[in-house]
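First comes the structure, then the notes that go with it.
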Amino acid sequence: MKQPNLFFYSPISTPFGISIIGWYDNRLSAFVLPQQSLDEARNILNSYQLPKHDSQNTGSSLPWPDLPDKINAYFQGEKVSFPEPVYLEQFHPFTRQVLETIRTIPWGEVMTYQQVAHQATQSRAYRATGQALGRNPIPLIIPCHRVVAKNSLGGFGYGLEWKSRLLSLEK
DNA sequence: TACACCACGCGAT
DNA sequence: ATCGCGTGGTGTA
């Protein structure tokens with residue numbers, strides 16, 4: 001009899017609203033940027049491509065007790081890094097490769113989609129790279145906002161206002 | 001398979 | 001500024 005695969009999540013409050021941290025197999029697996037209500041945040045969580053799980057639970061204590069504080073510090077403009085382990089195994093290798101690659105972009109720096117494509121897969125798949133970033137279930141912690149187009153901001157799943165807000169926090 | 005989609009980049013208007 | 005096309009991974013059927 002196999003153990004059920006449990007997905008946990010925990011809402012946290014931030015200066016900008018309600019966020020959700022999700023984890024699976026003791027690794028960080030989802031993050032929802034601040035929303036007005038818990039319902040909105042949960043809807044976004046469920047729109048993510050999450051690891052295959054048997055049940056979704058809340059109320060369990062976070063494996064990283066200081067993470068909410070770090071997130072709040074980030075929103076206050078502090079230079080914070082997020083080395084917590086992540087779970088991305090529900091994605092194809094290309095997508096994982098792209099997401100792992102951009103994890104290494106330091107606070108305050110940016111790369112273009114083209115640069116990410118080249119570094120991640122030695123290819124010109126910068127369009128596919130954009131697609132992969134659009135699937136990022138752990139924004140902020142996996143800093144997809146630090147990837148911009150060569151001559152513009154590029155896109156962002158939560159809207160470009162969010163992207164520029166995050167980037168200006170890092171100036 | 002085949003086909004459509006896409007958070008890009010580039011060169012030609 | 002805008003258009004068209006190359007580009008390559010993914011989702012869907």
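All of these numbers come straight from a predicted model, not from anything done at the bench. Naming: A, B, ... by sequence-line order, numbering from 1 per chain.
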So which of Leu50(A), Thr58(A), Ile21(A) actually passes side-chain contact (heavy atoms from CB on, under 4.5 Å) with Tyr9(A)?
-> Thr58(A)
Do the rings of Phe156(A) and Tyr158(A) sit parallel, tilted or perpendicular, given the 30° and 60° boundaries?
-> tilted
Asn26(A) CG to Glu84(A) CD distance, which is reported to the nearest 0.5 Å = 12.0 Å
Would you find more than 12 non-hydrogen atoms of other residues, nucleotides or ligands less than 6.0 Å from Gln122(A) atom CD?
-> yes
Quick one: stems for DNA chain B, with Watson-Crick or G-U pairs under 3.5 Å, at least three in a row?
-> B:1-6 with C:8-13, B:8-13 with C:1-6
Interatomic spacing from CG in Asp54(A) to CD in Gln3(A) - rounded to 0.5 Å | 10.0 Å
Going from CD on Glu40(A) to CG on Leu33(A), what distance comes out if it is rounded to the nearest 0.5 angstrom?
-> 12.5 Å
Pick base, sugar-phosphate or nothing for Ala125(A), based on heavy-atom distances below 4.0 Å to the nucleic acid.
-> sugar-phosphate
Tyr126(A) and Gln115(A): side chain donor to acceptor below 3.5 Å = no
In this structure, CG of Asn136(A) is separated from CD1 of Ile142(A) (nearest 0.5 Å) by 5.0 Å
Strand contacts (DNA chain B) in residues 129-140 of chain A, 4.0 angstrom heavy-atom criterion | Gly130(A), Gln131(A), Leu133(A), Gly134(A)
Might you work through the side-chain contact (heavy atoms from CB on, under 4.5 Å) test for Glu89(A) and Arg27(A), ending with a clear yes or no?
-> CA-CA 11 Å; Glu89(A) 286 161 37; Arg27(A) 283 182 276 171; 3.0 Å; yes
Check whether any side-chain heavy atom of Ser19(A) sits under 4.5 Å from a side-chain heavy atom of Phe31(A), and report yes or no.
-> yes
Hey, is CG on Asn151(A) packed in by over 12 heavy atoms from elsewhere, all under 6.0 Å?
-> no
Measure the spacing between CG of Asp66(A) and CD1 of Ile71(A) and express it to the nearest 0.5 Å.
-> 9.5 Å
Selection: residues 92-108 of chain A, any non-hydrogen atom under 4.0 Å of DNA chain C | His92(A), Phe94(A), Thr95(A)
Going by heavy atoms in the side chains, are Val32(A) and Ile18(A) under 4.5 Å from each other?
-> no
How are the rings of Phe8(A) and Trp23(A) set relative to one another: parallel (under 30°), tilted (30 to 60°) or perpendicular (over 60°)?
-> parallel
Do the non-hydrogen side-chain atoms of Lys163(A) and Val148(A) ever get within less than 4.5 Å of each other?
-> yes
How many angstroms lie between atom CG of Asn46(A) and atom CZ of Arg42(A), to the nearest 0.5 angstrom?
-> 8.5 Å
Got a sec: does the CZ of Arg96(A) have more than 12 other heavy atoms crowding it under 6.0 Å?
-> yes
Where does the chain A footprint on DNA chain C start and end, counting 5' to 3' with a 4.0 Å heavy-atom cut-off?
-> dG6(C) to dG11(C)
Look at all strands and tell whether Gln115(A) reaches a base, only sugar-phosphate, or nothing, counting heavy atoms closer than 4.0 Å.
-> nothing
Residues from residues 147-171 of chain A lying under 4.0 Å of DNA chain C - heavy atoms | none
Just the atom pairs and distances: protein N or O near nucleotides 1-3 of chain B's N or O, under 3.5 Å.
none

